Undergrad: 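A single structure is presented below for examination.
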Number of protein chains: 2
Amino acid sequence: MTKAIHDHEEGRAQPGRVTITALSAALGLSKSTVSRALNGYPDISERTRLRVRRGAETMGYRPLSHAQAIRTGRVRALGLVVQIGDHDAQRPFLADFLAGISVAASAEGWTLTVATADSEADAVRTMEQLVEDRKADGFILPRTLSHDARVALLRARDVPFVMFGRTADPEGCAWFDMLGEEAMRDAVLHLAGLGHRRIAFVNGGTAYNYSRLRLQGYREGLAQAGLPEDLALIRGGALNTADGTRETLALLTLAEPPTAVVFAVDHAALGLYRACAGLGLAVGRDVSVISYDGVPDGAHVEPPLSSFTVDTRAAGQRLAELLIARIRGAAPETLRETARAAFADRGSAGPPRLSSEALSKRLATATT
Amino acid sequence: MTKAIHDHEEGRAQPGRVTITALSAALGLSKSTVSRALNGYPDISERTRLRVRRGAETMGYRPLSHAQAIRTGRVRALGLVVQIGDHDAQRPFLADFLAGISVAASAEGWTLTVATADSEADAVRTMEQLVEDRKADGFILPRTLSHDARVALLRARDVPFVMFGRTADPEGCAWFDMLGEEAMRDAVLHLAGLGHRRIAFVNGGTAYNYSRLRLQGYREGLAQAGLPEDLALIRGGALNTADGTRETLALLTLAEPPTAVVFAVDHAALGLYRACAGLGLAVGRDVSVISYDGVPDGAHVEPPLSSFTVDTRAAGQRLAELLIARIRGAAPETLRETARAAFADRGSAGPPRLSSEALSKRLATATT
DNA sequence: CCAATTGCCGAAACCGGTTTCGGAAATGAG
DNA sequence: CTCATTTCCGAAACCGGTTTCGGCAATTGG
């Protein structure tokens, strides 16, 4: 009679599960002793602790995280809010990123709660919900902005988080990041070493913090190579192939066009291929290009795109490990790591066949 | 003194949260009455139920799912185990798929628990863990196989699930699926209508259930167009661009090559572009192609790939809705839906410029 | 040798919900 | 008007854990 509207066959405790009560009974101990033994309280003798551990092992006892959560407030879940349509470059990485997080999380018995959002404001709202409903104990923040509303929220609410990327104000922030600036610097040095004198730079989205750093790396490279900085050769806001094509055309129609271009984003670099194809230029010979990300598509163009590749899976894994440490109480200052991107030299960068002047002349005749 | 090893500042009930006890006190009712009122029990008067609803609304009461779960066994979370490295085609869809699921789930106050696996066996193990730890109340199964170990597990454990795709044995299965067979049939009819007489088919992975259906659709198209079936024109196992290039070359070097090719998978179809480029053939003129999936990359080749596009986001959304209904007790037989893929005619399929014989002859001269 | 600690564990309260059970009041039948 | 049903709600048990509190035994200090 007294029955919920939506009734399934559920509701009763499942038979197989061994609870802490069953375990304590089997061991002849009280629930509280078992609980404290397993959670590392100091007022349990080493002998008992060991006995409890072994008993739990053999009986296959696994505490239900949501039963623990009711008292502790922690559900042993990491949170990730993915911003959709943010920019296309994010997508190919997602599966690998998730794989890395998932592997690190499950190694510690944690899980991953994923939500999506279609704007930064929406992301903040979504995270707020997840925190409110205690669906995650902390968050991984991909694509950190220079001034990030998500960081502000989490700081205010005192929710643990780890950024994939660094930020302007490091106060209370933990992070893992790739050294994009070093990659850009090395790209310039590599091209300069091949003999290029006019090396352009096409940056990604300006709001992202990485853009600032990569531009800085490009400049550092020029300086170390003893090359002058030409503002006409620095462009930005290129996130996808169409953007890349546009920026390439703008660069090549300059009075003194570059003979090599460094891109901050692979997908934009792929646009250079299309621009060159339209102009009858050979990539890697007439125009050289080096980029950053290591997207799979880059291997399928001709010549394959030379790029600093990021191990997204490893990044996800490390981020999850850092976040778990953070949730367990480690100070954010001790949880800051960076890694280098590996240069995959695949042939899109070679010695300049034409000088800037010759290139300019050839383009003038080609387009008329 | 008595303190856990890893102590953060957490542990106490957060101040802002309004519990069911607080709500019931404010209403002058008992906890049990409030609980039953909100959960639709019939032994609560309509007047009281309304009063409770309003009170909950104004006080901002939101039950903690994990507190409910301790008794009900349900955590209001959907589960998704993504198979990594399964095949590349899956990746670009992932973000949209997640977005769809996420949106439908959060509309009902549910969340999404994601894990990854690198094989089917691993996926089964992972799902078992999630069920065991009650991290998900049910699962969405992407990429259904004809004989799926995941289905066997979930059936045995009586865990609700919904498939993205159909399966050989529909017993107890709910699903949402795209009518790939109709798309393949229509592709053949479209090409036949343009004048093509020799139309090849390159299928995807044979283990997937969709492959069986799409092949069937191709055959149906031939039959309806009154064209003979030539086994030499039917190939399979092409999942990525390299596969597609290989299969295209195999087809074009036949004594009687096809003038048009239908692909079951966009990424494989992109391989045809590379094969044609190598052979000096113009896609859409010398060789026509129609494919299936609607991946973004298809829009960036020349001419853009004509493809039956799948609205992955909508699929994810519908799947989540179906799964929630299933978890709430709806019979699986009532939760089976299909949708058509929309044909995006972008120019890679045109009337045959060369006959099969002429094409063969031209290829013979080109390669020597 | 006695008092004060210390080490170790059990009893019980608690977390925030759900569900069972029983009883008072209202309703209907005779 | 009485008695049997309903209708509707409260008290209390319960879910599976964690944490507080207190007590007994063994140790230490003087």
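Every chain is numbered from 1 and lettered A, B, ... according to where its sequence line falls, protein lines coming before strand lines. These numbers come from a predicted model, not from an experiment.
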Undergrad: Go through the structure and list residues passing side chain to side chain donor-acceptor pair (under 3.5 Å) with B/Arg318, not counting sequence neighbours.
TA: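 With sequence neighbours excluded, B/Arg318 shows a side chain to side chain donor-acceptor pair (under 3.5 Å) to B/Glu321, B/Glu337, given in chain and number order.
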Undergrad: Test: ring-ring contact (aromatic ring centres under 6.0 Å, His included). Region: residues 103-136 of chain B. Which pairs qualify, not counting sequence neighbours?
TA: none
Undergrad: Do any pairs count as a salt bridge (Lys or Arg N to Asp or Glu O under 4.0 Å) and have a residue in residues 97-123 of chain B, sequence neighbours left out, and if so which ones?
TA: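 For residues 97-123 of chain B, and leaving out neighbouring residues, the salt bridge (Lys or Arg N to Asp or Glu O under 4.0 Å) pairs sorted by first residue read B/Glu108-B/Arg328, B/Asp122-B/Arg125.
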Undergrad: For B/Arg62, give me all partners under side chain to side chain donor-acceptor pair (under 3.5 Å), at least two apart in sequence or on another chain.
TA: A/Gln129, A/Asp133
Undergrad: Just distance, no hydrogens or angles: give the donor-acceptor pairs under 3.5 Å from side chains in residues 100-107 of chain B, sequence neighbours left out.
TA:
from, atom 1, to, atom 2, distance (Å)
B/Ser102, OG, A/Thr116, N, 3.1
B/Ser102, OG, A/Thr116, OG1, 3.3
B/Ser106, OG, B/Ser102, O, 3.3

Undergrad: Any ion pair linking A/Arg74 and A/Asp137 (charged N to carboxylate O, less than 4.0 Å)?
TA: no
Undergrad: Calculate the interatomic distance between B/Leu38 atom CG and D/dC9 atom P; express it in whole Å.
TA: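 My rounded result for the distance is 13 Å.
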Undergrad: Rounded to whole Å, please give me the gap between OH in A/Tyr41 and P in C/dG7.
TA: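 For the pair A/Tyr41 OH and C/dG7 P, the rounded distance is 18 Å.
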Undergrad: Contact list please: residues 44-61 of chain B against DNA chain D, heavy atoms, distance less than 4.0 Å, in numerical order.
TA: B/Ile44, B/Ser45, B/Thr48
Undergrad: A/Thr19 near the nucleic acid: base, sugar-phosphate alone, or nothing, with a heavy-atom cut-off under 4.0 Å?
TA: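 The answer is sugar-phosphate, as A/Thr19 gets under 4.0 Å only of primed atoms, P, OP1 or OP2.
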Undergrad: What residues form a side chain to side chain donor-acceptor pair (under 3.5 Å) with B/Ser65, not counting sequence neighbours?
TA: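 Expected list: A/Lys135.
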Undergrad: How sharply is the helix from C/dC1-D/dG30 to C/dG30-D/dC1 bent, taking the axes over five pairs at either end and rounding to 10 degrees?
TA: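 Computed angle between terminal axes is 40°.
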Undergrad: Could you tell me the separation between the CD1 atom of B/Ile70 and the P atom of C/dG17, rounded to a whole number of Å?
TA: 12 Å
Undergrad: Could you tell me which residues satisfy side chain to side chain contact (heavy atoms under 4.5 Å, CB included) with B/Ala156, sequence neighbours excluded, listed by chain and number?
TA: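 Scan of B/Ala156 (side chain to side chain contact (heavy atoms under 4.5 Å, CB included), adjacent residues dropped) gives none.
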Undergrad: Mind calculating the distance between CD (B/Gln68) and C1' (C/dT19) to the nearest angstrom?
TA: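 One finds 13 Å between C1' of C/dT19 and CD of B/Gln68, rounded.
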Undergrad: Between B/His66 (NE2) and C/dT18 (C1'), how many Å, whole number?
TA: 15 Å
Undergrad: Find the distance B/Arg17:CZ to C/dG16:C1' and express it as a whole number of Å.
TA: 10 Å
Undergrad: Would you kindly give the CZ-to-P distance between A/Arg62 and D/dG16, to the nearest whole Å?
TA: 16 Å
Undergrad: Are there any protein N/O atoms within less than 3.5 Å of an N/O atom in nucleotides 10-13 of chain C, and if so, which ones and at what distance?
TA:
from, atom 1, to, atom 2, distance (Å)
C/dG10, OP2, A/Ser30, N, 3.1
C/dG10, OP2, A/Ser30, OG, 3.1
C/dG10, OP2, A/Thr33, OG1, 2.4
C/dG10, N7, A/Ser32, OG, 3.4
C/dG10, N7, A/Arg36, NH2, 3.3
C/dG10, O6, A/Arg36, NH1, 2.6
C/dG10, O6, A/Arg36, NH2, 3.3
C/dA11, N6, A/Ser32, OG, 3.0

Undergrad: Partners of A/Phe97 by ring-ring contact (aromatic ring centres under 6.0 Å, His included), sequence neighbours excluded?
TA: A/Phe164
Undergrad: With B/Arg166 as the cation and B/Trp175 as the aromatic partner, state whether NZ or CZ is under 6.0 Å from the six-membered ring centre and within 45° of the axis.
TA: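 Not satisfied by the 6.0 Å and 45° rule.
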Undergrad: I need the CD1-P distance between A/Ile20 and D/dC14, as an integer number of Å.
TA: 18 Å
Undergrad: Of all residues at least two apart in sequence or in a different chain, which pass the side chain to side chain donor-acceptor pair (under 3.5 Å) check with A/Thr33?
TA: A/Ser30
